[in-house]
Amino acid sequence: MPIEWLERERQLHLYNDRMSYIMRVLGSGTLAHLYFGPRLATGRDYAHFVRNSYVARFNRVLDPVALELPTAGSGDFRVPGLTVRHADGSTVLDLVYRSHEIHPGKPPLDGLPSTYVEHDAEADTVEICLVDGNSSMRVRLLTTIYADRPVVTRSLRVINEGPTDVKLTTAMSAVLDLPDADWHLLQLTGAWGRETHIVDAPLVAGERGVRSQRGTSGHQQNPFLLLHRPATTEAAGEAIGMSLVYSGNFRAEAEVDAYGTVRARVGLDPETVRWHISAGMDLQIPEAVLVWSDEGIGGVSDAYHRLYRERLASGSWRDRPRPVLVNSWEGVYFDFDEDALVEMASAAKELGAELFVLDDGWFGQRDDDTSSLGDWTVDLRKLPSGLPDLVERINELGLLFGIWIEPEMVSPRSRLFELHPEWAVGFPGRPRSEIRNQYVLDMANREVVDYLERVIGSVLSSAPIAYVKWDHNRVITEPYSTSLPAERQDEFFHRYMLGVYDLYSRLTERFPDILFESCAGGGGRNDPGMLAFAPQVWTSDVTDAVERQHIQYGTSLVYPLVAMGAHVSAVPNHQTGRTTPLDTRAAVAFFGNLGYELDPRALDEVELEAVRAQVAWYKEHRELLHHGRFHRLVSPFEGDGNETAWAVVADDRSAALVGWYRTLSRPLPGPKLLRLRGLDPAARYRVRVWPPADDWVVRANESERGGDELMQQGLFLDDHAWESQRRGDFQARIFELDLVP
Ligand code: GLA
């Protein structure tokens with residue numbers, strides 16, 4: 001049983017082979033956090049980890065005691081985990097331990113996505129009941145430890161057992177108090193088109209963190225933070241990840257207090273998400289996933305990759321090879337008819353694609369982005385014989401068919417808005433902001449969710465649709481739901497997300513064979529909450545091969561390659577105007593979930609040949625790319641950012657694929673080596689280079705080499721300067737390593 005309860009010491013120790021997580025009930029009844037780190041011995045009393053000896057003697061000042069669920073108003077002055085306002089206006093909440101239960105497995109959360117187990121032996125959970133002595137507030141705190149993963153998950157249910165209502169004003173999914181502040185905080189920050197860029201800096205006194213108040217997790221910040229020791233690298237040293245299984249307004253931050261301890265917390269954004277808990281009611285708070293690693297930042301990522309692809313993603317596509325797709329968007333935008341689509345699909349089939357995706361523009365009268373969102377009926381001007389005929393023609397080519405929807409939106413120019421203006425988010429009488437010429441539908445209103453289930457359901461059942469790209473192209477402004485009373489308006493943002501999750505649950509249950517891909521103007525809602533329903537994400541609207549190196553590198557901190565939509569598009573790139581070689585675009589997109597975002601009819605013979613070879617190469621390596629261990633080797637966020645390298649190594653170390661990219665060619669680069677990681681040092685590997693070429697890099701590397709020398713000495717990237725500088729800008733190479741039997 002990997003959760004130990006010492007009755008006399010009132011200490012709970014969660015452990016597996018790699019790590020320990022220890023909590024303890026203090027004399028006052030307060031639940032203290034003692035430890036999160038490498039495995040410690042069981043059967044021992046760790047009381048001395050509580051560094052404030054007064055607390056044990058019922059002193060109420062809790063600084064700097066490490067706490068499991070800190071509240072406000074009873075002696076702790078750091079950022080809180082849970083705060084309320086009682087009906088009498090008081091805000092004191094003093095939670096003390098009442099009881100606990102330990103059970104095998106991991107329970108699902110009501111109405112919210114979460115990681116799961118397939119067998120009870122995969123994890124154990126302790127459910128701790130905390131009560132406030134002076135009110136009827138109760139908390140059910142769930143902490144789960146996985147047996148074979150360096151992962152602890154946390155969530156809580158806040159229950160009002162009293163006769164009067166309570167306002168929940170802060171609800172963090174996890175709070176992690178650490179005894180020293182010698183940490184750096186790494187966050188994933190960005191904007192549209194440059195999502196998940198790495199920002200990494202030492203902690204200093206005070207608070208630092210990220211949040212979203214946009215109604216989605218956002219392009220700007222990801223619901224994630226990582227703490228690492230100053231000397232930690234990708235491959236070695238201590239690191240802790242905190243990731244939130246949620247897609248709406250969140251807060252993730254770390255505070256260094258006056259005594260040099262750290263409190264990290266992730267949860268609902270306290271400024272924009274509050275909840276009126278009526279007498280006798282409760283609220284489930286989302287799950288946070290904590291990872292501890294002594295194998296560096298890469299170790300944290302590896303744990304998230306495996307957990308999120310194996311026990312967060314769900315449904316029939318979870319373990320299946322994901323189809324190589326051609327998406328119509330950048331190829332034809334809104335300008336197509338049935339024959340054009342069938343011609344594109346037929347060209348896509350020639351390339352080896354497996355899925356053809358019809359993006360925006362197939363419904364209502366949508367010739368640009370100024371109309372028709374909400375009118376989910378086929379535009380018979382473009383597709384006169386309707387979806388079933390089009391899908392049949394595409395299926396006959398031997399391709400799956402996929403479609404784009406943006407269910408949560410409505411255009412002011414649409415039949416839906418004429419009929420139901422009150423379904424758009426906003427306060428009646430106050431102007432609504434239009435963004436991308438559209439409004440957001442009020443997903444907090446059950447009527448809207450029911451309606452969308454009906455209309456989207458009828459689209460999806462009208463033809464054999466194999467894939468859905470579910471978009472969300474604007475942020476939420478003027479938050480207000482006409483379906484909620486005044487005292488519940490500050491629940492709007494969370495209710496919106498509950499509505500989205502509800503719709504996703506209904507549609508994924510009803511259409512279990514459809515592969516869902518989530519999107520929000522690219523990576524505006526790329527988070528674990530979405531991943532639970534849609535096992536892949538459109539990572540970014542920017543497909544430029546150079547920008548993508550940054551985006552995919554940052555995204556890989558948390559999200560597995562199989563979840564990362566990565567497409568090759570035409571040049572000059574539509575977002576940056578940059579022209580990069582076709583094979584470089586592919587060499588970046590290979591390290592994700594490959595697709596083509598272009599009009600395949602426009603490719604010339606040479607390009608067709610190249611793309612055919614790319615698709616064939618990818619299919620051959622897809623299994624390894626999506627299920628091997630990912631290693632970040634050279635960061636585009638370090639140094640001058642001119643180079644990026646990463647690799648995927650098979651779990652049995654029998655094969656590896658290494659991607660190396662150089663943005664600008666520079667004179668006299670000098671000899672350069674790329675050291676690999678994760679290989680079997682005793683094994684020999686046959687090295688091949690993609691794309692095939694007759695040059696020095698190929699000649700220098702294509703041979704049999706030892707795993708040890710590939711890790712200690714490395715691959716050879718530059719010869720004498722002359723030949724490499726003439727290769728030009730935007731170079732890419734892939735090195736394929738196969739074990740020599
Ligand atoms: C968003 C998506 C794009 C495309 C367009 C269609 O911007 O990110 O991929 O689907 O919407 O309008």
Side-chain angles (χ1 to χ4, degrees), residues 190-196 214-220 247 325-336 341 344 355-376 379 382 401-414 434-441 456 459 465 467-476 515-527 530 534 536-544 547-548 551-552 555 559 563-570 573-576 585 589 592-599:
W192 173 87
R194 49 179 172 81
E195 294 89 343
T196 54
R214 292 164 193 265
T216 58
S217 47
H219 296 91
Q220 290 72 16
S247 313
L325 64 84
V326 167
N327 177 300
S328 66
W329 180 239
E330 287 195 11
V332 290
Y333 291 105
F334 295 100
D335 186 17
F336 55 81
L341 295 176
M344 282 174 83
L355 164 69
F356 180 76
V357 179
L358 171 54
D359 208 279
D360 198 352
W362 60 268
F363 52 91
Q365 301 243 323
R366 191 153 159 98
D367 296 328
D368 54 32
D369 63 13
T370 61
S371 85
S372 303
L373 291 170
D375 299 344
W376 299 106
D379 183 349
K382 293 183 187 173
F401 177 82
I403 201 160
W404 179 95
I405 55 172
E406 197 180 4
E408 300 154 68
M409 299 290 156
V410 63
S411 305
R413 270 200 321 134
S414 66
E434 265 182 46
I435 299 179
R436 209 198 189 214
N437 309 302
Q438 63 198 57
Y439 298 140
V440 184
L441 283 177
I456 301 297
V459 171
I465 290 171
Y467 159 107
V468 166
K469 177 176 170 188
W470 180 322
D471 212 334
H472 182 289
N473 271 317
R474 61 155 284 181
V475 295
I476 298 178
L515 170 59
F516 283 83
E517 174 158 333
S518 80
C519 174
R525 200 162 61 180
N526 184 2
D527 56 64
M530 282 292 120
Q536 56 191 61
V537 182
W538 182 223
T539 318
S540 175
D541 275 348
V542 167
T543 47
D544 174 83
E547 294 303 318
R548 271 292 180 140
I551 296 166
Q552 292 176 203
T555 302
Y559 305 101
M564 227 190 271
H567 297 178
V568 173
S569 59
N573 180 268
H574 292 200
Q575 295 83 26
T576 61
R585 282 172 267 156
N593 198 323
L594 181 69
Y596 289 78
E597 182 106 2
L598 43 71
D599 185 347

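Side-chain atoms are counted along with the backbone in the values below, which use heavy atoms only and exclude waters and symmetry mates. We count ligands from 1, going down the list as the structure has it; atoms in each ligand are counted the same way.
Closer than 4.0 angstrom to ligand 1 lie heavy atoms from W329, D359, D360, W404, R436, K469, D471, N473, C519, G521, G522, W538, D541.
In terms of the side chain to side chain contact (heavy atoms under 4.5 Å, CB included) criterion, D335 has no residue partners (sequence neighbours excluded).
No donor-acceptor distance shorter than 3.5 angstrom exists from the side chain of S540 to the backbone of G523, with no hydrogens or angles considered.
Surrounding CZ of R474 are more than 12 heavy atoms belonging to other residues, nucleotides or ligands, all under 6.0 Å away.
Taken from CD in E195 to CG in D541, the straight-line distance is 7.0 Å, to the nearest 0.5 Å.
Two rings, from W404 and Y467, have their centers 6.0 Å or more apart.
Of the candidates D368, D471, D369, R436 forms a salt bridge (charged side-chain N to carboxylate O under 4.0 Å, His left out) with just one, namely D369.
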